[in-house]
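Order of the sequence lines sets the chain letters (A, B, ...), proteins ahead of strands, with each chain counted from 1.
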Amino acid sequence: MAGWVHAKRDLGGKKFLLLRDRDGIVQVVISKDQRELCELFYELTLESAVSVVGKVRADARAPGGFEVVPTRIVVLNLARAPLPLDVSGKVPADVDTRFRERVLDLRREETKAMFKVLSVALRAMREELYSAGFVEVFTPKIVATATEGGATLFPVAYFGREAYLAQSPQLYKELLAGAFERVFEIAPAWRAEESDTPYHLAEFISVDVEMAFANYEDAMRILERVVARAAREVREVAPRELRVLGYEPPEIRLPVRRITYADAARVLAESGERVDPGEDLSTPHLRRLSELVGEEVYFIVDWPDKTRPFYTMPKDDGVFSESFDFVWGHLEIASGSTRVHRKDLLVKRLKERGLNPENFEFFLKWFDYGMPPHAGWGMGLARLGLMLTGAKNVRELVAFPRDKKRLVP
RNA sequence: GCCGCGGUAGUAUAGCCCGGCCUAGUAUGCGGGCCUGUCGAGCCCGUGACCCGGGUUCAAAUCCCGGCCGCGGCGCCA
């Protein structure tokens, strides 16, 4: 077997080498009379990569009831000492240190547990979507225009032309729904925003769903099932990891409660918060609201139309829209809506927002050819990860996070 | 970008408010010794640090100013 030197204990007569691999930690025992192995033992440094050939034997004194008596130990790569980060979990590290020394940090049990949980959740979400008839797709990540105005894009030199990294698969996933009916994509998106918070990244993984012949109610039903299944499977498949994390994800009972924006604003106003009618809710508002609502997760539905992008279907009243946010505590984990499928309305809404419909011809054109009513949502994977792991910062759930400050490693 | 808090050995921290008793304490790591089936092994010895630049003062890790860096809150943000 092969792994990393997790710890060493020298008791003279016996030397214990704790070897860690993806399955866990196993004890290797070296006796005093094994001269060469003892020499090697002294030279080994923590986190060195080694391979061990030996006999596994049961021994009640060993942790887990068995241990390995080696006949041969090969040092594959001797680690430099001292380590810039404690992997064994004895000494904590600042988040900044952890990202600087990320590969060592990723070997820590706690960090590995987070990524395992995220992986289980991804598989659960895919399975739920596949079983509901969704097709997994990919949309272009180099694009010609912003999906909507405002958000800052990362420019890319593209054969002498200016292009951008996609901030969202939005428009392309809609077009794909116009062919496959039900599509989803799990892929990166980029935003060059000033946002500097524990739940924003310049590069993040977005879980996107788009479904034809559907409205936002249908989209919410899929979303709550996907999230509930992810939470359930994490609890069932990764209990060991959750124990390491000392965390239990919420149990999500369906249907998840829906609260209209209007009711949310009213409840907030009644509790003494100042809410500008028709404006987006601020983070402090959402913190307060989650206390008032008393649910771990809930939907805020029917947002004011003006807070939503052009492709969102307005309600007949002209004020609100067929839209929703999925909220955990004070954090928006996903948002979606019924989309506008009529070209004339799309053009009108683009103009209202100061966007030039000519730049969207690649998108609008297909609304002349039977684009069905459709709806969908987008979810920040790492934000969901916060709910599933109890991590406090989305960066912890990205192996090599990209934010305003970090471009390396 | 604004506000708040912070920056002490490889790592994580105590000390700072109330300047001198700091030759800067502790844990972990590292080096050495003892112990000898440990299991976060234990015990002893050693090793290694005050972010940068100014200022105040007899005296600065400690007080003041500027800078850089980090974290949090907010803003911005589908």
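For the P atoms, the distance from B:U8 to B:C50 is 10 Å, rounded to whole Å. Between B:C65 and B:U28, the two P atoms lie 39 Å apart (nearest whole Å). Of the P atoms belonging to B:G72 and B:U13, the separation is 14 Å, rounded to the nearest Å. Taking atom C1' on both nucleotides, B:G20 is separated from B:C43 by 36 Å, rounded to a whole Å. As rounded to the nearest Å, B:G42 and B:A27 have C1' atoms that lie 15 Å from one another. Remark: the separation of the P atoms in B:A9 and B:A24 is 14 Å, to the nearest Å. When the P atom is compared between B:U62 and B:C21, the two are found 13 Å apart, to the nearest whole Å. Here, B:C16 and B:G25 have their C1' atoms 14 Å apart, quoted to the whole Å.
Contacts of A:Ala62 with the nucleic acid, taken as non-hydrogen atoms under 4.0 Å apart, include base atoms. Using a 4.0 Å heavy-atom criterion, one finds that A:Arg383 contacts no nucleic acid atom at all. Across all strands, A:Glu67 comes closer than 4.0 Å to base atoms (heavy-atom distances).
Taking atom CZ of residue A:Phe41 and atom C1' of nucleotide B:G37, one finds them 13 Å apart after rounding to whole Å. In this structure, A:Lys15 places its NZ atom 13 Å from P of B:C35, rounding to the nearest Å. Counting to the nearest Å, the P atom of B:G48 and the CG atom of A:Leu83 are 20 Å from each other. When the P atom of B:G37 is taken as reference, atom CG of A:Leu18 falls 16 Å away, rounded to whole Å.
Within a heavy-atom distance below 4.0 Å of RNA chain B, the residues of residues 84-111 of chain A found are A:Pro84, A:Lys90, A:Val91, A:Pro92, A:Ala93, A:Asp94, A:Val95, A:Asp96, A:Thr97, A:Arg100. RNA chain B lies under 4.0 Å from at least one heavy atom of each of the following residues of residues 278-288 of chain A: A:Ser282, A:Thr283, A:Pro284, A:Arg287. A heavy-atom distance below 4.0 Å to RNA chain B is reached by these residues of residues 392-409 of chain A, ordered by number: A:Asn393, A:Lys405, A:Arg406. Within residues 196-209 of chain A, the residues approaching RNA chain B are A:Asp196, A:Thr197, A:Pro198, A:Tyr199, A:His200, by heavy-atom distance under 4.0 Å. Shown for residues 328-338 of chain A: residues whose heavy atoms fall under 4.0 angstrom of RNA chain B, namely A:Glu332, A:Ser335.
Ion pairing between A:Arg287 and A:Glu291 fails under the 4.0 Å rule for side-chain N and carboxylate O. Ion pair A:Arg35/A:Glu39 not flagged as a salt bridge, since none of the NZ, NE, NH1 or NH2 atoms sits closer than 4.0 Å to an Asp/Glu carboxylate oxygen.
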Could you write out RNA chain B as a dot-bracket string, with dots for unpaired bases, | for bases paired across to another strand, and Watson-Crick or G-U pairs counted at under 3.5 Å?
(((((((..((((......[....))))((((((.......))))))...(((((..]....))))))))))))....

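Using bins of under 30°, 30° to 60° and over 60° for the plane-to-plane angle, the ring pair A:Phe134/A:Phe184 lands in the perpendicular bin. Between A:Phe324 and A:Phe299, the ring planes are perpendicular. Angles over 60° get that label, and only those under 30° would be called parallel.
For A:Tyr311 and A:Phe363, the gap between ring centers reaches or exceeds 6.0 Å. Here the two rings, on A:Phe362 and A:Tyr172, have centers that are under 6.0 Å apart.
A donor and an acceptor atom, one from each side chain of A:Glu47 and A:Trp4, are nowhere located under 3.5 Å apart.
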